[in-house]
Enquirer: 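Have a look at this one before I ask anything.
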Amino acid sequence: MGNDELLEKLKELFPDASIEQGNDWPELLFEHAQVADGKFLEVVQTLKSTNEFLFNYLFCETCVDWKTHFNMVYHLESTQYRHSMVLKVKLNHEQPSIDSLSFVYRTAEMHEREIFDLFGIVFTGHPNLKRIILTEDWVGHPLRKDYDDPINMIKL
Amino acid sequence: MIEEITTAKEGEMVINIGPQHPSTHGVLHLLITLDGETIKKLEPNLGYIHRSIEKMCESLSYRQFIYSTSRMDYLSAHINNHACAMAVEKAMEIEVPERAEYIRVILDELTRIASHQLWWGAMAMDLGALSPFFYAFREREVITDIMEETCGARLTMNYMVPGGVMTDIHPNFVKHVKDFIVQFKSKIDEYDTLVTDNIIFQNRMKNVGLLSAEDAISYGTSGPTARGSGVSCDIRKTHPYSLYSKLQFEEVIETGCDSFSRYLVRVKEMKQSVKIIEQLIDNIPEGDFVAKTKAVIKLPKGEFYSRAETARGELGVYIVSEGGTTPYRIKFRSPGFSNLSALNHMVKGYKIGDLVAIMGTLDLVIPDIDR
Amino acid sequence: MEIREIIFYIIAAFVLGSGIMAVSTRKIFRSAIWLLSTLIGIAALYFWMDLEFIAAVQIVVYVGGIVVLIIFSIFLTHKSGDEMPKIAIKRKLPAAFAVLFAFAFTANLLLHNSFALSATKSFDLSVDRIGTLMLTTGDGGYILPFEAVSMLLLAAMVGCIVIAMKIKKEEQ
Amino acid sequence: MLSFENISHGLHNWLSAIMSETPVVLIELTLVALAAITLFAALGLILVYMERKVAAVIQIRKGPNRVGPMGIFQTAADTLKLVMKENFMPDSVDKFLYKLAPFVVMITAMLILAPMPFAQGFQIWNINIGVFYVTAISSISVIGVLMAGWASNNKYSLLGAMRSGAQIVSYELSAGFAILSIVALTGSLNLNDIILSQQDGWWIFKGHIPVWIAFVIFMIAVTAETNRAPFDMAEAESELTGGFHTEYGGMRFALFFLAEYINIFIVCGIGATLFFGGWMPFHIGHWEGFNHVMDYIPSSIWFFGKTFFLIFVIMWFRWTFPRLRIDQLLNLEWKYLLPISLFNLLLITVIAIKGWHF
């Protein structure tokens, strides 16, 4: 499916989300409130199992700290149709949390642990949510923009 | 971690593989729970070589940040640099000169061969055969010599820049690459006689470390690891970049889903890479080796994602730009990290000896995982 | 003293010493090792007596077989490295009596027996003869015990296989 | 002609002439012990050097070539380094057993040396049951490995010890059956008798294909028994980092290392004696001239030549094959080697009874 067609289909399916064409792929953006209470899993399941989409391959999962809020970014691809899309969820900055995708895409388990480690986002329903890269007694989340380590960080 | 050791069930034993262990090829730490010699559970514990490259890149310019990626997957340094350069080029809409593209692809494929050769030797060593390592390095040495001549470095190349390559190729480049191809073709059969056809080797690899196609996709694996499970995922074919759409080569796919399939994919890929180089090496066009770019690169506001096929799988470079001279956020989707996540699934119920063999076929490079 | 005697006393001291260590040490693995050296000492005694075949059999059966099995089972037990608890006096006493009795009994036997050397060699030591005796049906032949033992071993082997197969079924 | 036989007999006669029996025995014991230790050291140095050179040839590189001409003093320098090294010991090991283990392995290797016929009439102990003695004593060496693995208080070591225990106990059977087949053909357990029975041809030539099978099984089984690759499960450096000797260093490690090479020498010596006629020279039928030339080569050269050839074969295995997995290793023994060697022994017994061999 081409990007334009995909865009139309997604608009049909999620009328209340903000959908736009990004640089590469269609981008689907949800507010956190829209996908709270387990609805996010439903959305992802729809994307994964609807016959037209079949987004079965989560090839990148990351997070961006926008100082006022976090954006979770999921890059999805269908290994059958070879089309891709970007799924984004806006999280609030104080207590960021979102449903874990680790049972939909197994790869999310490690990626979410990394994001938890470096951004401090809590994934509800994750089987083993603890720090993966830093030591368990580390304070703070280094990839946040407000993280500061005056001893080890060199400011250019 | 401590609590897991103490909560091990009666008759089970928890063992630390690494961070200093001969077969993790780096500072990977695996915590495995054993029943006798059978693995019940495996948990990777990362971060021993974590340098926070993503955070560092937030304060580096778009010319500088490419160099830090040579240190990620140091065996695919050229391809990493290529992916980053492509992300910047895409954002800036820079047209890369034809000559630069040719040089880039040739070097990418040479890198792939060199990486696979190192893997081949190291994996045989994991299985207890020490000699193949030396045979692999005999050919690999020629490639690193070519690299040294061309870029001045043997491991961390830093040769690709936004818009092309840093310097023109050495006058002897074409001749040396051709010599290499001749040597490689005469020696590749030795690899099969020494390792592939060995019955002990085949018994160690066949039906070990099964990863079904479905699981391979779900675990986000890519590269030879996924292609060994019958998943078509070569970025060079599925999302062609640079010259790959014009080139004649096959995507190697094996459907055995076991360690041996992953092994075969890599060995056959080396032959495909040689095929690609042969198509290009005689036709390198004259012209500029780098496009004219501004001294200070400023990316427009937006998000840019570029994908490239490294020796280990799909490398994704995700740049979020606020319009400044440095990226706002960079994410490197490294192939090793996702491939490692499938390890627990693959080794369950196998022996320690198999763990080493399976880890060998995943071709892990630890700095690529930790970043 | 002749050299043969000196060697005998060295071996005897070794056997007795490691025997005492085997029962008095409180670490189970060390106990097994001391038992092992006792058995090796006994094999050495056989060698000293020029009973080479018996000595080699002693080593193959006891050292190569039984002690290795004992050590394996020690490996499989938990806390094999810990010291065992001290034994209470009331359990030591009966043991001491038993030892005393055995000692008195053996000493009695030894003192009342005359160890007169017969002029002719009373038995042939060669392996050929042992083998022939094992399979002789007539007088002095050991074919019946030999066959009985082989049946017993076969039964034991079948039993082992049955037990091992049962465990496998349970796992599935 | 000057031979080992004459030297040893001359020495014995001379000593007996000048003193009584007890001091003679004592002096001879000391001399034998010294000779054995010297042989040990020399073998260790030569075999380690040989292994490194063989490995180098197979791996298309040069190997040691700096210390002395062709690097022949490299192993001596290495030994010096190992001797000078601190004998560290990790905490919470069973100190007594930890220190004892290398010596057990070493002493076992020394004991097996006793019945080896190094040359015509030259042997430390002409024991009547030579082959059986070797099999018996070699079963002790596993105790040293188990001891080392357990006493180190390290899980890798323990796993290595368990593996090696299972492995050695299993492969002893096949090695035993292979040896038995030659015993069946010769009708004697004495190593000298076995050699003398090969006066008119070595068993490997006389015994048809069954002896070849027995020889192949013997080589596989002894490779496994000496813990050499492709059966080096007990060390398995890519899996268990060092197996049972992970926690050993310095001279204690060197003893394990040395014992491994001595064991190789011994099993290859036994192999050469059983299948290749020990110190017997190579003869061809009625080629009198040729046979006469062969007779001029000293018997010790024949023995060492054959032994070193077999050692080379075992080294060749090591640098070519990948390692087996522990369950494959045990399957190979119990499902293939053992039934084959049992059947083969039956065949050889028939050949021996019917007198079908040459």
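The analysis underlying the following values was restricted to heavy atoms, covering all of them including side chains, and did not include hydrogens, waters or symmetry mates. Below, read A as the first sequence line, B as the second, and so on, with proteins coming before strands; counting in each chain starts at 1. Here the structure is a predicted model, which means the values were calculated and not measured.
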Enquirer: Between B/Asp258 and B/Ser261, do the side chains contain a donor N or O and an acceptor N or O under 3.5 Å apart?
Expert: yes

Enquirer: Nearest 0.5 Å, what's the CD1-OG1 distance between D/Ile314 and D/Thr223?
Expert: 4.0 Å

Enquirer: Considering only heavy atoms, which portion of D/Arg325 lies under 4.5 Å from any heavy atom of chain B: side chain, backbone, both, or neither?
Expert: both

Enquirer: Please flag which part of B/Asn203 lies under 4.5 Å from any non-hydrogen atom of chain D: side chain, backbone, both or neither.
Expert: both

Enquirer: Side chain, backbone, both or neither: which part of D/Ile326 has an atom under 4.5 Å from a heavy atom of chain B?
Expert: side chain

Enquirer: What residue in B/Arg138, B/Gln20, B/Met125, B/Arg204 has the most heavy-atom pairs under 4.5 Å with chain D?
Expert: B/Arg204

Enquirer: Give, for atom CD1 of B/Ile143 and atom CZ of B/Phe184, the distance between the pair rounded to the nearest 0.5 Å.
Expert: 7.5 Å

Enquirer: Does the separation of the ring centres of B/His21 and D/Tyr156 fall below 6.0 angstrom?
Expert: yes

Enquirer: Looking at chain B, which one of D/Asp232, D/Leu159, D/Asp327 has the largest number of heavy-atom pairs inside 4.5 Å, strictly under?
Expert: D/Leu159

Enquirer: For chain D, which residues from residues 353-363 of chain B have at least one heavy atom closer than 4.5 Å to it?
Expert: B/Gly353, B/Asp354, B/Val356

Enquirer: Taking atom types as modelled and ignoring hydrogens, do the side chains of D/Ser157 and D/Tyr248 form a donor-acceptor contact shorter than 3.5 angstrom?
Expert: no

Enquirer: Go through B/Leu194, B/Val195, B/Ile17, B/Ile199 and name the one with the most non-hydrogen pairs under 4.5 angstrom from chain D.
Expert: B/Ile17

Enquirer: Going by distance alone, is a donor N or O of one side chain under 3.5 Å from an acceptor N or O of the other, for B/Asp145 and B/His176?
Expert: no

Enquirer: Side chains of B/Ser115 and B/Arg312: any donor to acceptor distance under 3.5 Å?
Expert: yes

Enquirer: Please check if the distance between the ring centroids of D/Phe309 and D/Trp316 is under 6.0 Å.
Expert: no

Enquirer: Please check if the distance between the ring centroids of D/Phe265 and D/Tyr261 is under 6.0 Å.
Expert: no

